[in-house]
Amino acid sequence: MAMAYRSTCVRVHGLLSQGFVSTDARFKGNGLGVLKSAAFSPSSALFRPLLCRLQLEKFVFPRTFPPLNLRKTTCSAGAILESEVKDIGSFVEVGYIADTHGVHGELHVYSLTDFPQERFEKPGKRWVRSKIMGKPVYEEVELLKGREVGGKRPSWLITLQGFNSVEKASDLVGSTLLVSERPTLNDDEYYIPDLVGMSVILKETGEEIGIILDVYNTGGDTDLLQVKRTDGASGQKVWIPFVAEIVPVVDKERRRVEIDPPAGLLELNSSSETKDEKARRRKDVKEKRKLRERFSGLKKKLMAIGQMHILEGLSSGTESQQQELVSQLLSIDFGSFHQAVQDVLPQSESSGRERNKILSKPPPYFPCANWREIDACLEQEEITRSGGNTFRWWKEGLQLIADGRVAVVVLAGGQSTRLGEKGSSVKGAIDLGLAGGKSLFQLQAERLLIIQELSRMVMHVTTKPRIPWIVMTSDATDMSTRAYFEDNKFWGLDKSQVWFLKQASLPCSSMELTEGQHRILLETPWKVAQGPNGNGGLFNALSAQGTNDRLADLGVDYVQVYAVDNTLVRVADPVFFGYTKERGADIGVKVVTRTSAEEAVGVVCMNYEMAEIQGAKGPGSGEYSDNARYGVLEYSNITESLKHATEETEQGRRLEFRAAHICVNIFSLSFLRKLGEPEFELEYHPAVKHIKHVTRQGDEWVAVIPDRPNGIKLERFIFDAFKYSDPSKVALLEVVREEEFAPVKNAPAPGVLDTVDTARRLMNSLSKRFPPLRPSTADIPPTQVVRSLNLAYMGGHIEGNLRDIIGPGAQQESEET
Ligand SMILES: CC(=O)N[C@H]1[C@@H](OP(=O)(O)O)O[C@H](CO)[C@@H](O)[C@@H]1O
């Protein structure tokens, strides 16, 4: 019976039921052989520096903006040209390197092999084939380790020696992973390419009846040899089960198999096979036609929007690289992209006009939460006492949590470009340098665990509440984020309460115009550079992926949404929930006082539409409409005069627009549902960023690593949704900056704010104000436990494992109860 591997092996043993086919390179039955270092000519060593030099000489600086730093490392010292490889047929494609993963240079590889464990997990030599200046280049690499990850397509995360940073690893994205040796097979196993082309001889008569065309497995256990008749039935194809009884001899030396077919097999197969084959061919033709139609539709669309250049990769590269490009292109919504570009273009041209129509004013009075008040009440062990506002909101919020009426969303789809190369593609996984190596995600998970426990204790519910934690990711962060949560066992949360939600991405485009178009940028010749569609992409994602319905089924009324980068964020803050509910609001907005005119934060304002007032004289006239809407003047858009505007108060001069938006908001579920409707779509804004890409120059692809912003990402802003709410349903709540806002945005550098270092300092100074939460808490009276937990939630330090203090996670508990 036969075990068959395309470009790999077929095993013969037993009867009809025991064979199978698997493939290493599914679409190409390459031959194999062992590649020896002697296979390369000595001149390859001479060629390397020449190749690198040539590359640099070929770099042309883009005309429209100043010289950029170009990548100089595309050709590594170990790379050799394809022409230098003597035994090219000996390589087998085993995977396609689709992306980098995490901070340590892991690579995400789509499997093209039937031996994934062997190829991606077993340490040892591998080869990488990429293209430099249009020429295939091979480089030997050492696989250190690999692990399987979930997903629609079989894929692995691998680590290669020497590729220990995102920067290094990204050089390999778009390349093909190869092996140069086949797994050792048993005596009864054969590689398909070895079988293909063998003569098929009738054992009884010694007569040749045909040659093996291919080996197939139709899903059962048995491999089938497809044999083209060369005898009297010339041209017909027959199928011969690859089992020892029918194929007793496989003679590799003489390249022949001897068969002993049962009576009628050859005839039976010939006729029935023709039918099967026809059906298969019809299906193939149909599928190919469908694909061709989709592809020609795509081409027309690209032509219409002036973006044909993104198809250039199809004239070079390997089959798998081209397939990757086609499948990526077919998945991109170019209609939305084009619409978004249109949104952005007229806006930037007429922004002066737009601004004249809107008069922005600071928002009216908003209260400030007073946290000390809660602790004072708890210290006196008077949980039932009415207390002040904050204490009332706190209890109301804990009740909402206990009743399962709230959920939280963390916005974690961003690509962390401002964190520089040392940043992680998963911002929430950044090591903050805290004791215990806690990351942003871990801090947030701990707060969620604590608040669930607090709600259980204060509201006397028997089952610990389980607050749905929706993690919004993007193509750029999804897989790594999921793997990070899995690796950390969800920090003790119930896995089922964490829902991943992927926001959409859109192509990135050049900043300058070419023939009147912002041209789409390519990450590699076979991959369009894409970016997540901004934090305002949340609303579409929630509705399109059924999350709103799921929340409604659970009875959720309010959803807190926050940016992943805030180390001090109070996840599922009961005060904020209680306040928003008490105000009957659809939107709750946390603000802090802006520190200076230059602080990179949006400021909350009221926008009055001047155009709607009869006879209004314009801004400054003192007249404006009463249909004001809440909005945010984003730091990237605000005018200099509004940014610096001050007002006189009894305490002296202060900034007029001082309510900084910290990206911690609450939306009622009914409002989120409304935002899912087409008429409440949010507009796009251009975000100007550094975008690494490749460009085609003549026959060569040139890598561009910009040292200044060179491209545009199209983003929606979450706060643009505020304008769709009646202002009476928007409730601002001021909180204490030192207690609730310490974002990580930038790479650490002297004098730079909002870095890991500044955030850690803020965290440490806050936690010093509270006694640490210790495991011994378990021995103190419940009211004191509540106080300790509340202080830990507010930023206190936790000693040891949180699970030792608050007991098992929700899942175990609910299973026990
Ligand atoms: C579109 C958006 O939500 N922008 C927010 C957000 O800015 P980023 O620079 O995008 O992180 O977080 C800031 C607070 O950290 C907030 O002030 C600003 O308004």
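Remember, it's 1-based here, ligands and their atoms both numbered in the order they're listed. Numbering of residues begins at 1 and proceeds along the displayed sequence.
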Find all protein N or O atoms under 3.5 angstrom from an N or O atom of ligand 1 and list the pairs with distances, or write 'none'.
{"unit_1": "ligand 1", "atom_1": "3 (O)", "unit_2": "N535", "atom_2": "ND2", "d": "2.8"}
{"unit_1": "ligand 1", "atom_1": "4 (N)", "unit_2": "E634", "atom_2": "OE2", "d": "2.7"}
{"unit_1": "ligand 1", "atom_1": "9 (O)", "unit_2": "R418", "atom_2": "NH1", "d": "3.4"}
{"unit_1": "ligand 1", "atom_1": "9 (O)", "unit_2": "R418", "atom_2": "NH2", "d": "2.9"}
{"unit_1": "ligand 1", "atom_1": "9 (O)", "unit_2": "Y635", "atom_2": "OH", "d": "2.3"}
{"unit_1": "ligand 1", "atom_1": "11 (O)", "unit_2": "R418", "atom_2": "NH2", "d": "3.4"}
{"unit_1": "ligand 1", "atom_1": "11 (O)", "unit_2": "K745", "atom_2": "NZ", "d": "2.6"}
{"unit_1": "ligand 1", "atom_1": "12 (O)", "unit_2": "K745", "atom_2": "NZ", "d": "3.3"}
{"unit_1": "ligand 1", "atom_1": "15 (O)", "unit_2": "K745", "atom_2": "NZ", "d": "2.7"}
{"unit_1": "ligand 1", "atom_1": "17 (O)", "unit_2": "G602", "atom_2": "N", "d": "2.9"}
{"unit_1": "ligand 1", "atom_1": "17 (O)", "unit_2": "H661", "atom_2": "O", "d": "2.6"}
{"unit_1": "ligand 1", "atom_1": "19 (O)", "unit_2": "G602", "atom_2": "N", "d": "3.4"}
{"unit_1": "ligand 1", "atom_1": "19 (O)", "unit_2": "E634", "atom_2": "OE1", "d": "2.7"}
{"unit_1": "ligand 1", "atom_1": "19 (O)", "unit_2": "H661", "atom_2": "ND1", "d": "2.9"}

### Task
Step by step, work out the salt bridge (Lys or Arg N to Asp or Glu O under 4.0 Å) result for E446 and K438.
CA-CA 10 Å; E446 285 179 350; K438 285 183 189 177; 3.0 Å; yes
### Message
Nearest 0.5 Å, please: how far is CG in L672 from NZ in K674?
### Response
11.5 Å
### Task
Just say parallel, tilted or perpendicular for the rings of F337 and F334, cut-offs at 30° and 60°.
perpendicular
### Message
Is the terminal nitrogen or CZ of R570 (NZ for Lys, CZ for Arg) located under 6.0 angstrom from the six-membered ring centre of W371 and within 45° of that ring's axis?
### Response
yes
### Query
Out of curiosity, T755 OG1 to R418 CZ, how far, rounded to the nearest 0.5 Å?
12.5 Å
### Task
Validate the cation-pi geometry between K590 and F576: distance from NZ or CZ to the six-membered ring centre under 6.0 Å, angle to the ring axis within 45°.
yes
